Number of protein chains: 2
Amino acid sequence: MDHENGGTKPEVVVGSDESKTHKSRHSCMYWGILLLLRFLALSATVLATLIMALNKESKTMVVATIGTNPIKATLVAKFQNTPAFVFFVAVTSIVSFHNLVMLLTDLFGYKFGFKGIKLLAMTILDMGAVVLLSGATGGAASMAQLGKNGNTHARWNKICDKFEKYCSRGSGALIAALVGIILLLILNVMSTIAIHKNTRSSSAH
Amino acid sequence: MDHENGGTKPEVVVGSDESKTHKSRHSCMYWGILLLLRFLALSATVLATLIMALNKESKTMVVATIGTNPIKATLVAKFQNTPAFVFFVAVTSIVSFHNLVMLLTDLFGYKFGFKGIKLLAMTILDMGAVVLLSGATGGAASMAQLGKNGNTHARWNKICDKFEKYCSRGSGALIAALVGIILLLILNVMSTIAIHKNTRSSSAH
């Protein structure tokens, strides 16, 4: 529609006031959805970071009995003991920071109107963020699965029967990260479509 | 540059023969690079699938001694025993198929010239592929790390001291998948930039 008017500039500027208002209302709604999704993605990744980083459970168990005296030992399950969880916390922190910066850019950078390159850069950064987050979540999920079910072939026993809270909190962090991945993917698709559309309409002006 | 000529159509059609030849040569080179990268990405994911799917090592070990007779047992390490590796094989197969379809689309779909929507759809599919591949690779990598180093806190012993070949082949598959991720990311960035440029130039015609 837009680029058919490309050759007749006066018409675009003067004659289409109504369509312009319509367009700006449409773009306002789009902006709102974008902000909301980004805020939700930020919340999800921050939540994933916090739940995993604060995940710690102590359990006192009887490990042996000498005569009638039970010998107790306190075992602690914490995220630092599993490299995949440490990586998870590192990556969710980075992606949270990324989401925060993007949220602020969306909020305050909008009026500057540097659409083309800004959108391109944001999309490429988002792409990196979602790939990183997905890798870290995959790693953490595979350790969580091992903790839950164990692996008889490798003689790795499950630990979730002893550390129930630790495991359910870990699952919570994973679900939050998964929600973050889905939201980031939606944002990514939206901004790719926006590049497709925006460059179209901006080159018609 | 292009859209400055947007208002003066005759000039674009008649006057810029030289720039058109230059453009088509440029686009031909771009197409070649695209095909090469896609072919490499396909090779990397197929390689990752095959190495992981064929990964199996048998080892006969002395498990006990009765009198002077050693009792031997044959242990087999195979990818099917680890859910994260099964997921890895499934995902690398899917991504390989995706890469094959994209390669064929690039090869034969180019002359149809359905640039805009085709590029958009391919970019979005690529995005999904790279996120899936990254998650699966993260999961497999975290199991590989456990097999290599073990985890004393959870009393999970390393197994790579016994199954060296199994582990080195697994690492090979992970490296191939990582190369695939990087190539897919490059392709993704390239096609996002192409959307940015293509829609610009196509709306100027």
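Quick caveat: nothing in here was measured; it's all calculated off a predicted structure.
The candidate with the highest count of non-hydrogen atom pairs below 4.5 Å against chain B, out of A:Pro83, A:Ser134, A:Ala140, is A:Ser134. The residue among B:Asn157, B:Asn149, B:Leu75 with the most heavy atom pairs within less than 4.5 Å of chain A is B:Asn157. Ranking B:Gly150, B:Gly147, B:Gly138 against chain A, the residue ahead of the rest is B:Gly138, based on heavy-atom pairs under 4.5 Å. Top candidate by heavy-atom pairs under 4.5 Å with chain A, chosen from B:Val76, B:Leu185, B:Leu146, B:Asn151, is B:Leu146. Looking only at heavy-atom pairs under 4.5 Å with chain B, the residue among A:Ala154, A:Ala84, A:Ser142 that has the most is A:Ser142. Annotation: maximal heavy-atom pairing with chain A below 4.5 Å, among B:Thr192, B:Ile181, B:Ile159, occurs at B:Thr192.
Contacts of A:Asn81 with chain B are made by both backbone and side-chain atoms, with heavy-atom separations under 4.5 Å. Both the backbone and the side chain of B:Asn188 come within contact range of chain A, with heavy atoms under 4.5 Å apart. Interface remark: B:Thr152 contributes no atoms to any contact with chain A (heavy atom separation under 4.5 Å).
Counting heavy-atom neighbours within 6.0 Å of A:Lys59 NZ, excluding the residue itself, gives a total above 12. Surrounding CD1 of B:Ile66 are at most 12 heavy atoms belonging to other residues, nucleotides or ligands under 6.0 Å away.
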Kindly list each side-chain donor-acceptor pair under 3.5 angstrom involving residues 119-133 of chain A, sequence neighbours excluded, with atom names and distances?
from, atom 1, to, atom 2, distance (Å)
A:Thr123, OG1, A:Leu119, O, 2.6
A:Thr123, OG1, A:Ser191, OG, 3.4
A:Asp126, OD1, A:Arg38, NH1, 3.1
A:Asp126, OD1, A:Arg38, NH2, 3.4
A:Asp126, OD1, A:His98, NE2, 2.6
A:Asp126, OD2, A:Arg38, NH2, 2.7

**OP:** For side chain to side chain donor-acceptor pair (under 3.5 Å), just list the numbers for B:Thr60 and B:Thr74, CA-CA rounded to whole Å, side-chain angles, deciding distance to a tenth of an Å, and then say yes or no.
**Re:** CA-CA 4 Å; B:Thr60 306; B:Thr74 302; 3.3 Å; yes

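The side-chain heavy atoms of B:Met143 and A:Met143, taken from C-beta on, include a pair separated by under 4.5 Å.
Taking OG1 of A:Thr65 as the start and NZ of A:Lys72 as the end, the distance is 11.0 Å to the nearest 0.5 Å. Note that OH of A:Tyr166 is 10.0 Å distant from NZ of A:Lys78, once rounded to the nearest 0.5 Å.
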